[in-house]
Amino acid sequence: MKIRCIAVDDEPLSLRIIQKYAADLPHLDLLATCDNAFAALDFLRQTTVDLMFLDINMPKLSGISLLKALDKQPLVIFTTAYPEYAVEGFELEAVDYLLKPFSLERFVKAVNRVTEKLEPKKGKQETPPDFLLVKADKKLYKVDFLDIIRLEAYGDYVKIFTKDKMLLTKERLNIVEQQLPQAQFIRIHRSHVIAFAAIEFIEGNLVKISDEKLPISENLKELLLEKLNRQG
């Protein structure tokens, strides 16, 4: 990803240093250097940039005044010889603050912070789990969603029926239900949640699942049939 940037500084030496450092970073595209804030304003009216290296103490119009004058502000790395300006610079949400004279290493560190802000988050999205953690029999079971046939409320407990066992866990049915993928499970009654894949047939207000015929609430039957039709 190329970072389009501009450098604004009234000191020619500072601009040359930024140009030199920027040339060492292939992902930095330094579009322009301006030796005063008015030239920068004119450039920014016509060109959009991602980043601005901005001196604070400049004649006539300071870097901070320049930034406040912009309708659309790019990310900013302030560059200055005066550390007392740092607080005001960070109040304007600057990404970093480079105190002159700064090294290439310090320059790269500041640019890396910009890169982190601009790059889309990759690999940060968590994959939803495909299992349920169940506390039962003083153990913690990892139960795959695909192995769950149905769940049944049992007072303050929930019975979880899998393909090879039944687990009794101290939890409310609605709490466990919230952890299940809606595409695979549906509540058919205030006491029953079932897996779509386990349904054998529906007869009247009963659903055959495994060796059981479970009741279907009138107000939930229409939703069950609608979801089954969608899956079909």
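Computation of the quantities below employed the complete heavy-atom set of this structure, encompassing side-chain atoms and omitting hydrogens, waters and symmetry-equivalent molecules.
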Participant: With rounding to the nearest 0.5 angstrom, report the CD to CG distance, Gln73 to Leu54.
Facilitator: 10.0 Å
Participant: More than 12 heavy atoms of other residues, nucleotides or ligands under 6.0 Å from CG of Asp164: yes or no?
Facilitator: yes
Participant: Taking Thr169's backbone N and O only, do any of them form a donor-acceptor pair with Lys159's side chain (distance below 3.5 Å, no angle check)?
Facilitator: no
Participant: Just do the side chain to side chain contact (heavy atoms under 4.5 Å, CB included) check on Val158 and Arg172 with the steps written out, would you?
Facilitator: CA-CA 6 Å; Val158 173; Arg172 290 285 183 178; 5.8 Å; no
Participant: Tyr97 and Ile6: same hydrophobic cluster, using ILVMFWY side-chain contacts below 4.5 Å?
Facilitator: yes
Participant: Side-chain contact, heavy-atom cut-off 4.5 Å: Val8 with Leu66?
Facilitator: yes
Participant: Please report the interatomic distance SG(Cys34) to CG(Leu41), rounded to the nearest 0.5 Å.
Facilitator: 9.5 Å
Participant: Charged N to carboxylate O under 4.0 angstrom, Asp50 versus Lys2?
Facilitator: no
Participant: For the residue pair Phe131 and Tyr141, is the inter-centroid distance of their aromatic rings smaller than 6.0 Å?
Facilitator: no
Participant: Is Leu214 close to Leu206 at the side-chain level, that is, under 4.5 Å between some pair of heavy atoms?
Facilitator: no
Participant: Side-chain contact, heavy-atom cut-off 4.5 Å: Lys135 with Lys170?
Facilitator: no
Participant: Identify the two heavy atoms, one from Phe145 and one from Leu180, that lie closest to each other, and give their separation to 0.1 Å.
Facilitator: CE2-CD2, 3.7 Å
Participant: Show the numbers, then the answer: is there a side chain to side chain contact (heavy atoms under 4.5 Å, CB included) between Tyr157 and Glu171?
Facilitator: CA-CA 5 Å; Tyr157 292 79; Glu171 193 61 88; over 6 Å; no
Participant: When the ring planes of Phe102 and Phe107 are compared, do they come out parallel, tilted or perpendicular, using 30° and 60° as the limits?
Facilitator: parallel
Participant: Between Asp96 and Arg106, does at least one N-O distance fall below 4.0 Å, as a salt bridge requires?
Facilitator: yes
Participant: Quick one: do Leu228 and Leu220 end up in the same hydrophobic cluster if we chain Ile, Leu, Val, Met, Phe, Trp and Tyr together by side-chain heavy atoms under 4.5 Å apart?
Facilitator: no
Participant: Looking at Lys142, I want to see if its NZ is surrounded by more than 12 non-hydrogen atoms of other residues, nucleotides or ligands under 6.0 Å.
Facilitator: yes
Participant: Count I, L, V, M, F, W, Y as connected when their side-chain heavy atoms are under 4.5 Å apart, and connections chain through other members. Are Val193 and Met166 then in the same cluster?
Facilitator: no
Participant: Going through the checks in order, is the side chain to side chain contact (heavy atoms under 4.5 Å, CB included) test met by Leu140 and Val134?
Facilitator: CA-CA 6 Å; Leu140 186 64; Val134 179; 6.0 Å; no
Participant: When rounded to the nearest 0.5 angstrom, what distance separates NE2 in His27 from CD1 in Ile3?
Facilitator: 4.5 Å
Participant: Given side chains that start at C-beta, do those of Val49 and Cys5 come closer than 4.5 Å, heavy atoms only?
Facilitator: no
Participant: Using side-chain heavy atoms (C-beta onward) and a distance below 4.5 Å, is Val76 in contact with Leu67?
Facilitator: yes
Participant: Within a radius of less than 6.0 Å around CD of Gln178, do more than 12 heavy atoms belonging to other residues, nucleotides or ligands occur?
Facilitator: yes
Participant: Can you check whether Phe196's main-chain N or O pairs, donor with acceptor, with Gln184's side chain at less than 3.5 Å?
Facilitator: no
Participant: Mind checking whether Ile199 and Phe185 sit in one hydrophobic cluster, side chains of I, L, V, M, F, W, Y counted as touching below 4.5 Å?
Facilitator: no
Participant: How close do Ile202 and Leu225 get, heavy atom to heavy atom, and via which atoms?
Facilitator: CD1-CD2, 3.9 Å
Participant: Give the minimum heavy-atom separation between Ala7 and Ile18, together with the two atoms involved.
Facilitator: CB-CG2, 3.9 Å
Participant: Looking at every non-hydrogen atom in both residues, tell me the closest pair between Ile149 and Ala198 and how far apart they are.
Facilitator: CG2-CB, 3.7 Å
Participant: Please give me the minimum heavy-atom distance between Ala110 and Val95, naming the atom from each residue.
Facilitator: O-CG1, 4.4 Å
Participant: Would Lys163 and Asp144 pass as an ion pair if we require N to O under 4.0 Å?
Facilitator: no
Participant: Decide side chain to side chain contact (heavy atoms under 4.5 Å, CB included) for Leu30 and Leu28; before the verdict, give the C-alpha distance in whole Å, the side-chain angles of both, and the deciding distance to 0.1 Å.
Facilitator: CA-CA 6 Å; Leu30 186 60; Leu28 271 190; over 6 Å; no
Participant: I'd like to know if the side chain of Arg187 and the backbone of Arg190 have a donor-acceptor N/O pair within less than 3.5 Å.
Facilitator: yes
Participant: Answer yes or no: is there an ion pair linking Glu203 with Lys213, defined by an N-O contact shorter than 4.0 Å?
Facilitator: yes
Participant: Just by modelled atom types, is the Ser210 backbone N or O under 3.5 Å from a matching donor or acceptor in the Lys208 side chain?
Facilitator: yes
Participant: Should Leu98 and Val108 be regarded as members of a common hydrophobic cluster, given that ILVMFWY residues are connected when their side-chain heavy atoms come within less than 4.5 Å of each other, either directly or indirectly?
Facilitator: yes
Participant: Side chains of Met52 and Leu70: closer than 4.5 Å at any heavy-atom pair?
Facilitator: yes
Participant: Are the side chains of Phe53 and Phe78 in contact, using a 4.5 Å heavy-atom criterion?
Facilitator: no
Participant: One thing to verify: whether Glu11 and Lys100 come together as a salt bridge, which I'm taking to mean a side-chain N less than 4.0 angstrom from a carboxylate O.
Facilitator: yes
Participant: Could you report the tightest heavy-atom contact between Ile148 and Leu151, atom names first, then the distance?
Facilitator: CG2-CD1, 3.8 Å
Participant: Calculate, to the nearest 0.5 Å, the distance between atoms OG and NE2 belonging to Ser217 and His189 respectively.
Facilitator: 4.5 Å
Participant: Keeping Arg4 on the side-chain end and Thr48 on the backbone end, is there a donor-acceptor pair under 3.5 Å?
Facilitator: yes
Participant: To the nearest 0.5 Å, how far apart are CD1 in Ile64 and CE in Met58?
Facilitator: 10.0 Å
Participant: Do the side chains of Glu200 and Ile209 get nearer than 4.5 Å, heavy atoms only?
Facilitator: no
Participant: To the nearest 0.5 angstrom, please state how far the CG atom of Leu25 sits from the CG atom of Asn112.
Facilitator: 8.0 Å
Participant: Give a yes or no on whether the backbone of Asp9 and the side-chain of Ser14 come within a donor-acceptor separation of less than 3.5 Å.
Facilitator: no
